[in-house]
Amino acid sequence: MVKLNANLKNLKKNYLFVDIQNKAKDYISKNPAAQLISMGIGDVTLPLSPVITKAMQDASREMNDAKNFRGYGPYEGYNFLREAISKKYLDYGVEVKAEEIYVSDGAKSDAANILDVLSSESTVLITDPVYPVYLDASVMSGHKIHYVSATEDNEFLPLPEENLKADIIYICSPNNPTGAVYNRAQLKRWVDFANINESLIIFDAAYEAFIESSDLPHSIFEIEGSRKCAIELCSFSKSAGFTGIRCAYMVIPKELKVGSENLGEVWLRRQSIKFNGVSYITQKAALAALSPEGKEETLKCVRYYKRNARILSEAIKELGFWYTGGENSPYIWFKGPQGMKSWELFDYLLEKANIVSTPGSGFGSNGEGFIRLSSFGSYENTLCAAQRLKSIKF
Ligand code: MLT
């Protein structure tokens, strides 16, 4: 008799952003005149830059011709894109070889799928609060989960504690949801911990494009010793507006082994079973995003969102609420008035300011009392949201 994966019963009923979407839909059906401003899910809103759309048009036209037609691509991605990503790492003083790069359809899928090749007897360490995908994927695959607390006291940047044990460690910096960013010395503590304990760090760098301060690392590979214990996930979603197009990559250093096996080879085996690669047109678009013109155009978009983040941070500061993020990150994470729970505050913002936010408790119990705001909306909506926030009574 067919049965469902027994681990599914340990999941929450819905993915967090589905709950939020349902709440917003319900509100709008009861209040059709409300002008909701969406600051919940971190989805980009600016159009694709012209160099990217041109590359997609050219690539599809190329395939009109039998000589240039392409079917299945390489499971690990086309070399032209892997070479360009490898060059991008040089901007951060990091050497990553093209062969160490595995192109995929999303950092979210990579973050979850990597668990396919890691024993379910391994313990997974995640922060509380955490991007729900690390937790839900670990629950589904039956991995044991340990938490490390991220709180106001450690500015939402927890470090390895004494007696901590973990085989797999998820680190996201700039962090989703808190917007906090690890510096080099702090990341070194995690790398040293992983090397001593023979653990694997899964470093999610999906928001690295938002880092401006030169003392903050964009990549785990800026940290000495990381090539022996870390893999990195990165994406074109937030840096180049690809949330709907889908293109990302995983970096697995050649020397990285799990037991006696080379992790890159094992991952490629997994990908060749379950994945048929990212389309040629999409990879050409990603290549265009990494061209000098593409970098300039996409940086303008990142700066636009960063201006929104500043507007929101200033409003929160004026209101006197404790917050992190908003500087090297598109997310602002703030603590509401004393005693107010996250979902209460979510409802209050929805009703009084018509703002859709994300309740901090949806990311873990340490998020209780907090709200996450996304800066990926339009400038006009962000200004309006800041005004509304400052005008309601807390
Ligand atoms: C978020 O809002 O946390 C992100 O958009 C979700 C994602 O990137 O999957």
Side-chain angles (χ1 to χ4, degrees), residues 10-12 16 107-108 110-112 114-115 118-208 216-217 219-220 223 225-226 228-233 258 322-325 328-329 331 333 335 342 358-370 372:
N10 299 322
L11 288 174
K12 281 192 191 151
L16 173 62
K108 175 179 179 171
D110 283 349
I114 188 68
L115 294 175
L118 301 170
S119 161
S120 57
E121 280 164 29
S122 329
T123 54
V124 173
L125 186 77
I126 56 176
T127 56
D128 173 5
V130 71
Y131 174 42
V133 171
Y134 312 152
L135 170 65
D136 289 351
S138 303
V139 168
M140 278 177 79
S141 58
H143 282 78
K144 289 188 280 299
I145 299 165
H146 288 182
Y147 291 92
V148 59
S149 276
T151 62
E152 237 177 296
D153 290 342
N154 56 28
E155 300 193 331
F156 288 93
L157 293 169
L159 292 169
E161 293 154 0
E162 230 171 288
N163 303 324
L164 183 73
K165 286 270 167 262
D167 304 312
I168 302 165
I169 305 165
Y170 280 101
I171 299 179
C172 179
S173 178
N175 188 267
N176 181 10
T178 69
V181 191
Y182 281 110
N183 65 30
R184 289 190 174 78
Q186 291 167 324
L187 276 188
K188 178 82 173 104
R189 296 264 308 269
W190 279 113
V191 166
D192 289 346
F193 172 86
N195 277 323
I196 291 166
N197 292 280
E198 298 182 54
S199 331
L200 174 73
I201 294 177
I202 302 171
F203 188 76
D204 186 344
Y207 297 95
E208 62 79 25
L216 298 174
S219 163
I220 189 80
I223 312 300
S226 58
K228 282 188 274 163
C229 65
I231 62 174
E232 180 158 295
L233 319 178
V258 172
W322 189 96
Y323 75 97
T324 56
N328 293 286
S329 151
Y331 297 126
W333 174 256
K335 189 177 177 183
S342 295
T358 307
S361 57
F363 298 101
S365 56
N366 284 335
E368 186 57 274
F370 285 82
R372 190 194 80 171

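Under the rule for a salt bridge (charged side-chain N to carboxylate O under 4.0 Å, His left out), the partners of Arg184 that lie at least two apart in sequence or sit in another chain are Glu222. Contacts of Thr358 classified as side-chain contact (heavy atoms from CB on, under 4.5 Å), with partners at least two apart in sequence or in another chain: Leu16, Phe17, Ile20, Phe363, Arg372. The side-chain contact (heavy atoms from CB on, under 4.5 Å) check on Ser342 picks up Pro359, Ser361, Glu368, with sequence neighbours excluded. Here Tyr207 pairs with Tyr331 under the ring-ring contact (aromatic ring centres under 6.0 Å, His included) rule; sequence neighbours left out. In terms of the side-chain hydrogen bond (donor to acceptor under 3.5 Å, both in side chains) criterion, Ser120 has no residue partners (sequence neighbours excluded). Partners of Ser141 by side-chain hydrogen bond (donor to acceptor under 3.5 Å, both in side chains), not counting sequence neighbours, listed by chain and number: His143. With sequence neighbours left out, Leu216 forms a side-chain contact (heavy atoms from CB on, under 4.5 Å) with Val181, Asn183, Ile211, Ser213, Asn328. Judged as a side-chain contact (heavy atoms from CB on, under 4.5 Å), and not counting sequence neighbours, the contacts of Thr324 are Phe156, Thr178, Trp322, Trp333. Taking Tyr131 as the reference, Tyr134 meet the ring-ring contact (aromatic ring centres under 6.0 Å, His included) condition, with sequence neighbours excluded. By the salt bridge (charged side-chain N to carboxylate O under 4.0 Å, His left out) test, Lys335 is found to be paired with Glu152, residues two or more places apart in sequence or in another chain being considered. Checked against salt bridge (charged side-chain N to carboxylate O under 4.0 Å, His left out), Asp192 has the following partners two or more places apart in sequence or in another chain: Lys188.
Tyr170 and Ser138 get closest at one heavy-atom pair: CE1-OG, 4.1 Å. Contact record, Ala180 with Leu157: CB-CD2, 3.6 Å, taken as the closest heavy-atom pair. Annotation for Thr123 and Ala166: closest pair OG1-CA, 3.4 Å, computed over non-hydrogen atoms.
Counting only distance, with no hydrogens or angles, the side chain of Glu232 and the backbone of Ile220 share a donor-acceptor pair below 3.5 Å. Side-chain atoms of Lys144 come within 3.5 Å of backbone atoms of Glu121 as a donor-acceptor pair (strictly under, hydrogens ignored). Under a 3.5 Å cut-off, the side chain of Asp136 and the backbone N or O of Val133 do not form any donor-acceptor pair. Under a 3.5 Å cut-off, the side chain of Asn197 and the backbone N or O of Phe193 do form a donor-acceptor pair. Using a distance-only test at 3.5 Å, with no hydrogens or angles considered, no donor-acceptor pair links the side chain of Ser122 to the main chain of Ile168. Judged purely by atom type and a 3.5 angstrom limit, Tyr182 has no side-chain atom pairing as donor or acceptor with the backbone of Leu159.
Atoms CH2 and OG, on Trp190 and Ser226 in that order, are 15.5 Å from each other to the nearest 0.5 Å. Interatomic distance, OG1 of Thr151 versus CG of Asn154, reported as 4.0 Å (0.5 Å rounding). The OG1 atom of Thr127 lies 15.0 Å from the NE2 atom of His146; values are rounded to the nearest 0.5 Å. From Ile169, atom CD1 reaches atom SG of Cys229 across 8.0 Å, with rounding to the nearest 0.5 Å.
A heavy-atom distance below 4.5 Å is not found between the side chains of Asp167 and Val124. Two residues are said to be in side-chain contact when any heavy atoms from C-beta on lie closer than 4.5 Å; Val139 and Ile145 meet this criterion. Counting heavy atoms from C-beta on, the side chains of Asp128 and Val148 never come closer than 4.5 Å. Looking only at side-chain heavy atoms (C-beta outward), Leu135 and Tyr147 come within less than 4.5 Å of each other. Between Leu187 and Pro217 the shortest side-chain heavy-atom distance falls below 4.5 Å. When side chains are defined from C-beta on, Ile202 does not count as touching Ile171, because their heavy atoms never get closer than 4.5 Å.
A side-chain N or O of Asn366 and one of Ser149 form a donor-acceptor pair less than 3.5 Å apart. Asn175 and Ser329 share no side-chain donor-acceptor pair at under 3.5 Å.
Sorted by first and then second residue, the salt bridge (charged side-chain N to carboxylate O under 4.0 Å, His left out) pairs with a member in residues 195-208 read Lys88-Glu208; sequence neighbours excluded.
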